[in-house]
There are 2 protein chains.
Amino acid sequence: MPAKRDEPKQQPGAGCPVRGVLDRIGDQWSLLTLAALEEGKKRFNELLREIGDISKQMLSKTLKHLEQDGFIRRTVYPEVPPRVEYELTEMGRSFLVPMKALIGWADRNHAAIKSARQRYETV
Amino acid sequence: MPAKRDEPKQQPGAGCPVRGVLDRIGDQWSLLTLAALEEGKKRFNELLREIGDISKQMLSKTLKHLEQDGFIRRTVYPEVPPRVEYELTEMGRSFLVPMKALIGWADRNHAAIKSARQRYETV
DNA sequence: GCGATCTAGTCTAAAAAAGAGACTATGGAG
DNA sequence: CTCCATAGTCTCTTTTTTAGACTAGATCGC
C-alpha cells in the first residue's frame, strides 16, 4: 500500500489538486461536450449543433482544454472541406461513470429544483 | 420498479431539463460551496475563507442560487454584528453522493491529467 | 466557367460577467 | 475614542463570452 500523505479530509481550499480538475469540468460546457461525445466520435459542427447554445469559440476552447487534459482525442483528416473528429479517450470514458451519476441525480431531482425555484419566486 | 418515462437517451440539447440543473451546478463555485458545507453549517465569512479564492460577490450570488434551488438553507440571526448561517437541505445532502463520486474520480485521476497537460505543452 | 456552399476554426468588436475594494450599521475590545 | 468584526451591496476596472465576418479549396447547381 502506498504511503498515504497527510490529507485528513477533502479540503476545498485553493491548493488542493482536485480543484484543478473541478475547475476544468465545472466550466459550464465541458460536461455537456463530454456527454455529447458519449455516443461516439463527432465532428466540430456536429457538436455545435447538438449542444445548441454554445458559440464556436467556446466549443473550440473547451475541446482544446479537454484534449489537453487527456479526456478526448482530436483527429484531423487532410481533406477539403476539412474534417476533424473528436472522441473520448479511455480516461474520458471512465469519467462518464461519475458524470452519469450526476446526470442521473439531476434527472431525478430537476422537478424538485424547479418547484423550489418557483416557491422562492413567490416569496 | 417505477414506470420509465419515454426517454430514449440523454440528449444534451438546450431544451433538456437536466441542462437547467447542470448549468447551475457547473458554475465553478457551486460544487466547491456545497463541498464546504458538507461538514455542517457555516457562516458567510467562514465559507469565504475556506474556499479561499472566491470573491464575496460571487459567494453571495452562488449561495443565493443554491438557496433558490433548494440545496441549502439560510438562517439569519438578528444580532449585531450580523450572523448568517448556511447549511445543506435534505436535497443538498443527497446531492453530495454523486458529487463525491465525481470528486473521487478527480482525486484518482488528477495525476494522469497533470501529466497529459505536460505532455501537451512539450509538443 | 462562375458563383454559392461546405468545412473548422480564428479574429474583432461589443456585451456580459467577474474581481477588487470601498462602504453600511452596530456593538465590543482596548 | 478608535479600531475591528459581521454580511452583504455598490461601483469601477478587468476579464470572459458572444455574435458575426472572414479564410481556403473542393464540390454543387446551372
Side-chain angles (χ1 to χ4, degrees), chain A residues 12-14 19-20 22-34 36-37 40-69 71-88 120 123, chain B residues 12-14 19-20 22-34 36-37 40-69 71-88 120 123:
Chain A
R19 276 290 293 274
L22 247 39
D23 288 357
R24 181 56 45 85
I25 61 170
D27 75 348
Q28 175 89 236
W29 300 118
S30 295
L31 284 177
L32 256 5
T33 306
L34 291 171
L37 285 171
K41 54 175 66 168
K42 299 261 173 76
R43 305 177 56 169
F44 187 86
N45 278 357
E46 204 171 347
L47 287 168
L48 207 57
R49 277 189 299 272
E50 239 174 76
I51 300 177
D53 52 353
I54 189 175
S55 67
K56 15 177 77 177
Q57 201 173 48
M58 280 315 288
L59 179 57
S60 177
K61 196 183 198 173
T62 302
L63 289 168
K64 207 169 286 178
H65 283 159
L66 290 174
E67 186 199 358
Q68 219 168 100
D69 286 2
F71 285 82
I72 63 177
R73 190 178 359 265
R74 178 174 179 269
T75 315
V76 183
Y77 297 85
E79 305 173 357
V80 171
R83 182 156 65 97
V84 181
E85 291 188 336
Y86 295 91
E87 66 184 317
L88 294 172
Y120 194 92
V123 175
Chain B
R19 276 288 293 273
L22 247 39
D23 287 357
R24 180 56 45 86
I25 61 170
D27 76 345
Q28 173 89 238
W29 300 118
S30 296
L31 284 177
L32 256 4
T33 306
L34 291 171
L37 285 171
K41 55 176 65 169
K42 298 261 174 77
R43 304 176 60 166
F44 187 86
N45 277 358
E46 203 169 352
L47 288 168
L48 206 56
R49 277 189 298 271
E50 241 173 76
I51 300 178
D53 52 353
I54 190 174
S55 66
K56 16 176 78 173
Q57 200 173 46
M58 282 314 290
L59 180 59
S60 177
K61 196 184 201 174
T62 302
L63 288 168
K64 207 170 285 177
H65 283 158
L66 289 174
E67 186 197 359
Q68 217 168 101
D69 287 1
F71 285 80
I72 63 177
R73 193 179 357 265
R74 178 174 180 270
T75 315
V76 184
Y77 298 85
E79 308 173 354
V80 169
R83 183 158 63 101
V84 180
E85 290 188 335
Y86 295 91
E87 64 184 318
L88 294 173
Y120 193 93
V123 175

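All chains are named by letter (A, B, ...) in the order of the sequence lines, taking the proteins before the strands, and each is independently numbered beginning at 1. FYI, side chains are in, hydrogens and waters are out, and symmetry mates aren't considered; it's all heavy atoms of this structure.
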Peer 1: Can you sort out the partners of Arg43(A) under side-chain contact (heavy atoms from CB on, under 4.5 Å), two or more places apart, ordered by chain and number?
Peer 2: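 For Arg43(A) the side-chain contact (heavy atoms from CB on, under 4.5 Å) partners, ignoring immediate neighbours, are Glu46(A), Arg83(A), Glu85(A).
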Peer 1: Could you list the residues that satisfy side-chain contact (heavy atoms from CB on, under 4.5 Å) with Arg73(B), not counting sequence neighbours?
Peer 2: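 Arg73(B) satisfies side-chain contact (heavy atoms from CB on, under 4.5 Å) with Glu87(B), Thr89(B) only.
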Peer 1: Verify side chain to side chain contact (heavy atoms under 4.5 Å, CB included) between Leu47(B) and Asn45(B), making sure each step is shown before the conclusion.
Peer 2: CA-CA 5 Å; Leu47(B) 288 168; Asn45(B) 277 358; over 6 Å; no
Peer 1: Anything under 4.0 Å to a heavy atom of chain A counts; send over the first and last such nucleotide of DNA chain D, read 5' to 3'.
Peer 2: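 Span of nucleotides near chain A: dT17(D) to dA26(D).
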Peer 1: Supply the atom-to-atom distance Trp29(A) CH2 to Leu22(B) CG, rounded to the nearest 0.5 angstrom.
Peer 2: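 That separation rounds to 11.0 Å.
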Peer 1: Distance-only check: which donor-acceptor pairs under 3.5 Å involve side-chain atoms of residues 56-64 of chain A, not counting sequence neighbours?
Peer 2:
{"from": "Thr62(A)", "atom 1": "OG1", "to": "Met58(A)", "atom 2": "O", "distance (Å)": "2.7"}

Peer 1: What string of B, S and - do you get for nucleotides 14-23 of chain C, 5' to 3', when a contact is any protein heavy atom under 4.0 Å?
Peer 2: ----SBB---
Peer 1: To the closest 0.5 Å, what do you measure between CD (Gln28(A)) and CG (Asp23(B))?
Peer 2: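 If we round to the nearest 0.5 Å, Gln28(A):CD and Asp23(B):CG are 4.5 Å apart.
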Peer 1: So, is Ser60(A) near the phosphate of dT10(C), with a side-chain N or O under 4.0 Å from OP1 or OP2?
Peer 2: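 True: Ser60(A) side-chain N/O within range (under 4.0 Å) of dT10(C) OP1/OP2.
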Peer 1: Under a 4.0 Å heavy-atom cut-off, which of residues 75-87 of chain B touch DNA chain D?
Peer 2: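 DNA chain D contact set from residues 75-87 of chain B: Pro81(B), Pro82(B), Val84(B), Tyr86(B).
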Peer 1: Does the pair Leu32(A) and Arg19(B) meet the rule for a side chain to side chain contact (heavy atoms under 4.5 Å, CB included), with working shown?
Peer 2: CA-CA 8 Å; Leu32(A) 256 5; Arg19(B) 276 288 293 273; 3.4 Å; yes
Peer 1: I'd like to check the ring pair (Phe, Tyr, Trp, His ring centres under 6.0 Å) partners of Phe71(B); sequence neighbours left out, ordered by chain and number.
Peer 2: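 Trp105(A), Phe95(B).
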Peer 1: Just wondering, do His65(A) and Thr33(A) contact through their side chains at under 4.5 Å, heavy atoms?
Peer 2: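 Result no, sub-4.5 Å side-chain heavy-atom pair not found.
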Peer 1: Return the set of residues passing side-chain contact (heavy atoms from CB on, under 4.5 Å) with Glu67(B) (not counting sequence neighbours), or none when no residue passes.
Peer 2: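 side-chain contact (heavy atoms from CB on, under 4.5 Å) check on Glu67(B) returns Tyr120(A), Ile72(B), Arg74(B).
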